[in-house]
Amino acid sequence: MTDPVGYDAYAPKEMAARVENAGIGKAALAFLPLMMLAVLAGAFIAFGGMFYTMAITDSALGLGLTRLIGGVAFSLGLILVVVGGAELFTGNVLIVMACADGKVTVSRLLRNWTIAYAGNFVGAAGAVILAWHSGMLGIGEGAVAATAAKIAAGKTTLGWDQALIRGILCNILVCLAVWLCFSARRVSGKILSILFPITAFVALGFEHSIANMYLIPIGQMAGGGIDLEAFLNNLVPVTLGNIIGGGIFVAAVYYLIYIRPERAE
């Protein structure tokens with residue numbers, strides 16, 4: 001029975017239905033609103049990347065605590081996406097649930113992903129340009145620029161297999177964060193649902209394709225110039241990993257647990 005005061009959370013089975021319905025709505029979005037919301041999401045995640053870079057610069061707290069603080073700072077990005085309303089490719093991987101149930105066609109799924117991914121890239125690229133010209137990287141006599149360059153170098157030196165696996169692990173946590181948001185009835189609950197999984201993926205060094213659309217170019221610029229090949233060598237496996245992590249290990253698993261048995265009955 002639902003608490004009339006509204007303090008209770010939705011149960012996992014109810015969450016599955018809400019995620020599926022949200023996926024149906026996302027797949028039906030017209031091109032223009034989908035693209036504009038995707039551009040916003042790319043910019044929002046970039047804001048999280050900016051905050052993360054600043055938060056860990058010149059930290060004397062040690063590896064673990066510095067990563068923890070960086071993860072909390074980066075959580076800003078998904079909070080803006082979920083609470084503010086935007087279309088993030090990595091979160092939209094959860095549309096796989098509605099697709100598996102036959103409520104969304106494969107072509108509509110791929111259309112949503114393509115437009116969202118392109119819009120996210122535009123938003124992240126715009127944030128790179130604005131951040132660069134803002135002079136933000138010069139804060140601390142270039143300390144922020146040095147941090148940005150170090151972040152980008154760490155990402156672009158990953159092997160293809162490492163980038164793929166880190167992409168899988170990342171979007172398991174990102175999609176779980178989005179999944180948990182569907183349990184919440186209040187904004188505060190959504191924020192808390194986001195905070196811990198996102199902090200965890202950042203602190204653990206996992207790879208998020210949309211975040212890397214900001215973090216790698218800005219870091220490469222701070223380090224001397226864009227290396228497109230190195231950027232793509234990270235972005236391609238991380239993107240594939242994000243699809244596998246969210247689509248298979250979250251959306252498909254919860255579909256099999258909560259939705260498929262109900263349809264079979």
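- Under the 4.5 Å side-chain heavy-atom criterion for Ile, Leu, Val, Met, Phe, Trp and Tyr, Phe44 and Leu130 are members of distinct hydrophobic clusters.
- Under the 4.5 Å side-chain contact rule for hydrophobic residues, Trp179 and Phe196 do not share a cluster.
- Heavy atoms from other residues, nucleotides or ligands lying under 6.0 Å from NZ of Lys103 number more than 12.
- One finds the CD atom of Glu87 at 10.0 Å from the CG atom of Leu40 (value rounded to the nearest 0.5 Å).
- The minimum heavy-atom distance linking Leu109 with Val96 is given by the pair CD1-N, 4.1 Å.
- Taking a 6.0 Å sphere around CE of Met35, one finds it holds more than 12 heavy atoms contributed by other residues, nucleotides or ligands.
- Taking each heavy atom of Asp227 and Gln220 in turn, the nearest pair found is N-OE1, 3.1 Å.
- In the hydrophobic clustering of this structure, Leu63 does not group with Val72; members are Ile, Leu, Val, Met, Phe, Trp, Tyr whose side-chain heavy atoms approach within less than 4.5 Å, directly or through other members.
- Across all non-hydrogen atoms, the minimal contact from Met213 to Ala124 is CB-CB, 3.6 Å.
- Residues Tyr254 and Val19 form no side-chain contact, since every pair of their non-hydrogen atoms from C-beta on lies 4.5 Å or further apart.
- Contact record, Leu37 with Gly85: CD2-O, 3.7 Å, taken as the closest heavy-atom pair.
- Atom CG of residue Leu88 and atom CG of residue Leu80 lie 11.5 Å apart, to the nearest 0.5 angstrom.
- Judged by distance alone, with hydrogens and angles left aside, the side-chain atoms of Asn242 form no donor-acceptor pair with the main-chain N or O of Thr90 at under 3.5 Å.
- Between Ala16 and Tyr258, the shortest heavy-atom contact is CB-CB, 3.7 Å.
- How far CG of Leu215 is from CD1 of Ile45: 10.0 Å, rounded to the nearest 0.5 Å.
- The CE atom of Met221 sits 8.0 Å away from atom CG of Leu137, with the distance rounded to the nearest 0.5 Å.
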Before giving the answer on side chain to side chain contact (heavy atoms under 4.5 Å, CB included), spell out for Glu207 and Gln162 the whole-Å C-alpha distance, their side-chain angles and the decisive distance to 0.1 Å. CA-CA 9 Å; Glu207 295 288 309; Gln162 286 183 312; over 6 Å; no
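- Contact annotation: the side chain of Val178 never approaches that of Val250 to less than 4.5 Å [non-hydrogen atoms, C-beta and beyond].
- Results of the side chain to side chain donor-acceptor pair (under 3.5 Å) test with Asn234 over Asn212, Thr156, Thr239 single out Asn212 as the only residue that passes.
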Leu61 vs Leu68, test: side chain to side chain contact (heavy atoms under 4.5 Å, CB included). Steps then yes/no. CA-CA 10 Å; Leu61 296 175; Leu68 176 66; over 6 Å; no
Can Phe249 and Cys175 be said to form a side chain to side chain contact (heavy atoms under 4.5 Å, CB included), step by step? CA-CA 9 Å; Phe249 291 102; Cys175 284; over 6 Å; no
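- Taking OH of Tyr255 as the reference point, atom CD of Glu20 lies at 8.5 Å (rounded to 0.5 Å).
- Of all heavy-atom pairs spanning Val104 and Ile24, the tightest one is CG2-CA, 3.9 Å.
- A donor-acceptor contact shorter than 3.5 Å links the side chain of Trp113 to the backbone of Asn92.
- Taken from NZ in Lys190 to CZ in Phe182, the straight-line distance is 6.5 Å, to the nearest 0.5 Å.
- Residues Leu204 and Leu169 form no side-chain contact, since every pair of their non-hydrogen atoms from C-beta on lies 4.5 Å or further apart.
- Residue-environment remark: CZ (Phe231) exceeds the threshold of 12 foreign heavy atoms within 6.0 Å.
- In terms of modelled atom types and a separation under 3.5 Å, the side chain of Asn112 and the main chain of Arg108 share no donor-acceptor contact.
- In this structure, Met136 and Thr53 have side chains that are not in contact, with every pair of non-hydrogen atoms separated by 4.5 Å or more.
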Side chain to side chain contact (heavy atoms under 4.5 Å, CB included) between Ile198 and Val174: does it pass, once the steps are laid out? CA-CA 6 Å; Ile198 301 305; Val174 171; 3.9 Å; yes
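- Among Tyr52, Phe89, Phe201, the single residue meeting the ring-ring contact (aromatic ring centres under 6.0 Å, His included) criterion with His208 is Phe201.
- Hydrophobic clustering, with ILVMFWY side chains joined whenever heavy atoms are under 4.5 angstrom apart, keeps Leu76 apart from Ile69.
- No donor-acceptor pair under 3.5 Å is formed between the side chain of Arg166 and the backbone N or O of Val238.
- Residues Val144 and Phe51 fall within the same hydrophobic cluster, defined by Ile, Leu, Val, Met, Phe, Trp and Tyr side chains chained together at heavy-atom separations under 4.5 Å.
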